[in-house]
Amino acid sequence: MNNLISLYFLIFSIGGSLIMINFNEIFAQSTDFQMPSLSFDNPYSDMPSNMQGSLSELDEINDDVNSQVNEIIKPTFQNPLEKHVTNNDYDISPVVNSSSLGTAGGDGRVGDGEVYVVDYENIRVQKFDNQGDFILKWGTKGKAEGQFGVPHGIDVNKKGDVYVVDMDNNNVQKFDSEGNFLLKWGSMGTGDGQFMHPHTIVLDSKGNSFVSDMANFNVQKFDSEGNFLLKWGSMGTGDGQFNAPEGLAIDSLDNMYVSDTDNNNVQKFDSEGNFLLKWGTTGTNEGQLKKPAGLDIDNNDNIYVADSGNSRIQKFDSNGEFLSKWGSKGPGNGQLASPHDLAVDSEGNVYVVEQQNFRVQKFDSNGEFLSKWGSKGSNNDQFLDPHSIVVS
C-alpha cells in the first residue's frame, strides 16, 4: 500500500452507466479498460469519442480531459481486461481498381497513391483515392481472421499488401489491397513476438516490419512473414527508453524514428535498434512537443510530426532541426483538432487524420490547405475516430 494512491472518479456516460476507476502510481483499472496514472493537462485521446465527452464533464479535473485520456491505455500484466466497443458489422465493399503506374515512397512503398484510414471506433479500414473518393472498406468486430478488436496502426508494402495492428487482439494482420486476409501473428504477453498494447507498424525497404508496443515499452522487428527478429526499448526517459512509444517512420537509409507521447520527444535509431539521437522537449514553441503521435517522412528524409496536444504539424530535418509548422485548434480548413497521424505521398503532400474533426485533410509540403473529406458517422467515407493513415 506504500505506493497506492486511491482516487475514485464517478463518470456518467451517455447511457447513464457508471464507471468507477481506482488509480495507483503505475496502472488504473476500470470495468472495461486499464491505464497508467494520468496527468490531465494535455489534450490527447485514444478513447472512443463518447467516453471523451463524459470525461470532459469532470471540470474539477480539467476542462480538456475529454481529449487527454489517450494512447496510454495499458493493460496490466496481472489481470488484462478486454475493452468492448460497439459497432455495426461491415463487409468488404465493391472495389474500384486503378491501372495507373505506382510511385515509390521513402520506405520503398509502391502504389497508386491510394489512402488507407483506420477508422478506430467503427472497427474497420477504409480505402480512398488521393482525392478522397471512397473505394472500399473492410472489418468486423471479433477475434477471427480478418476481424478486429480495436484496429490501430497501418502500413502498406511495395506490392500493395496492407498490414494492420490490432491493439485489443494483440496481433498484426496482413491483407491484400482488396481487404482479403492473408496472415497474422502475435499474442498477448511480454515475450519475443508478443504484445501487450501494440500501436503502430512500419515497413522498411526489405519488407521487414516494426511494431511499437505502448505497454511493453519497446519496438519489435519482424520479417515479412511475421517471424520475430529483434526488439529494443525499456520503460524510462533515457536514450533508447520509452514511456509511450507511438509513431514510427523509416527514412531512405532504413533509420527508424519513434515518437514518444509521454516523453514528448522523437528518437532516431538504426535498423538494429541502436540509439542515434533524439529531440524534443515539452512545450508550445518551435521544435517543442505536446503529446506527439504519428509521424512520416518525405522523399528528402524530412520528418513530419503530428503534434497532437498542440493541434499542429511540425516539420524537421533528419537531425531533428526544426524547419516549419502549421495548424491551430479548430474545425476550419487548415485547422486541426487532435491530429493523431499523418502520411506523406510521393509528391510531398501531407494527409492528416483528426480524431475530433472526424476527417482527413490534405496539405502541400509547406502546410498549405488543399482539400478535405469525411464527417462524423458510420457510412462510407464517414468516421467515428480516424486514427491512422497511410498512402500507398
Side-chain angles (χ1 to χ4, degrees), residues 13-15 45-54 56 66-67 70 83-96 113-142 146-154 156 162 164-168 175 177-179 293-294 306 308 311 329-343 349-363 369-392:
S13 64
I14 294 174
S45 180
D46 203 14
M47 295 184 65
S49 56
N50 60 348
M51 178 62 74
Q52 296 174 32
S54 299
S56 65
N66 64 317
S67 59
N70 75 15
K83 299 181 295 299
H84 296 279
V85 182
T86 302
N87 78 307
N88 297 323
D89 288 339
Y90 295 92
D91 295 324
I92 297 174
S93 59
V95 180
V96 178
E114 292 167 329
V115 181
Y116 295 83
V117 178
V118 171
D119 192 1
Y120 178 96
E121 199 173 337
N122 278 325
I123 311 183
R124 64 184 181 184
V125 174
Q126 294 197 70
K127 180 179 178 180
F128 306 87
D129 66 21
N130 59 17
Q131 300 304 310
D133 295 321
F134 175 81
I135 297 176
L136 66 86
K137 62 186 177 185
W138 74 88
T140 59
K141 174 73 173 179
Q147 293 186 310
F148 302 120
V150 178
H152 197 284
I154 191 168
V156 180
V162 182
V164 181
V165 172
D166 190 325
M167 71 179 193
D168 197 47
F175 303 87
S177 61
E178 297 183 359
S308 182
S311 299
K329 189 170 184 178
N333 294 344
Q335 291 188 305
L336 301 166
S338 292
H340 190 271
D341 196 18
L342 55 83
N349 298 310
V350 182
Y351 302 75
V352 182
V353 286
E354 303 171 71
Q355 290 180 279
Q356 293 185 356
N357 282 333
F358 309 99
R359 67 185 180 185
V360 177
Q361 290 196 76
K362 181 179 179 179
F363 303 88
F369 172 82
L370 299 176
S371 64
K372 65 182 179 182
W373 72 88
S375 60
K376 185 176 182 179
S378 300
N379 296 324
N380 296 345
D381 74 18
Q382 290 187 312
F383 307 105
L384 284 182
D385 189 343
H387 224 66
S388 299
I389 188 168
V390 67
V391 182
S392 65

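The shortest side-chain heavy-atom distance between Gln131 and Lys362 falls under the 4.5 Å cut-off. The shortest distance between side-chain heavy atoms of Ile135 and Asp129 falls below 4.5 Å. Put simply, the side chain of Pro386 does not reach to within 4.5 Å of the side chain of Gln126, judged on heavy atoms. Counting heavy atoms from C-beta outward, Val360 and Phe383 have side chains that approach closer than 4.5 Å. With a 4.5 Å cut-off on side-chain heavy atoms, Pro331 and Phe358 do not count as touching. In this structure, the side chains of Tyr351 and Asn130 come closer than 4.5 Å at one or more pairs of heavy atoms.
Shown here for Pro151 and Arg124, the closest heavy-atom pair between the two residues is CG-N, 4.0 Å. Between Val150 and Asp168, the closest heavy-atom pair is N-CB, 3.5 Å. Annotation for Ala293 and Pro339: closest pair CB-O, 4.5 Å, computed over non-hydrogen atoms. Residues Asn333 and Lys372 come closest through the heavy atom pair OD1-NZ, 2.8 Å.
Judged purely by atom type and a 3.5 angstrom limit, Gln382 uses its side chain to pair as donor or acceptor with the backbone of Lys376. In terms of modelled atom types and a separation under 3.5 Å, the side chain of Asp341 and the main chain of Val353 share no donor-acceptor contact. Under the 3.5 Å distance criterion, the side-chain polar atoms of Gln361 are matched with a main-chain donor or acceptor of Gly334.
Among residues two or more places apart in sequence or in another chain, the ring pair (Phe, Tyr, Trp, His ring centres under 6.0 Å) test is passed with Phe175 by Trp138, Phe148. Checked against side-chain hydrogen bond (donor to acceptor under 3.5 Å, both in side chains), Ser371 has no partners two or more places apart in sequence or in another chain. Every residue meeting the side chain to side chain contact (heavy atoms under 4.5 Å, CB included) condition with Asp381, not counting sequence neighbours, appears here in chain and number order: Phe128, Phe134.
The line from CD of Glu354 to CG of Asp385 is 11.5 Å long, rounded to the nearest 0.5 Å. The NZ atom of Lys329 sits 5.5 Å away from the OG atom of Ser311 when rounded to the nearest 0.5 Å. For the atom pair NZ (Lys127) and OG (Ser392), the distance works out to 7.0 Å, reported to the nearest 0.5 Å. Rounded to the nearest 0.5 Å, atoms CZ (Phe363) and CG (Leu336) are 5.0 Å apart. Leu384 contributes atom CG, which lies 4.0 Å from atom CG of Asn122 (distance to the nearest 0.5 angstrom). Here the CD-CG distance, from Glu178 to Leu136, works out to 7.5 Å after rounding to the nearest 0.5 Å.
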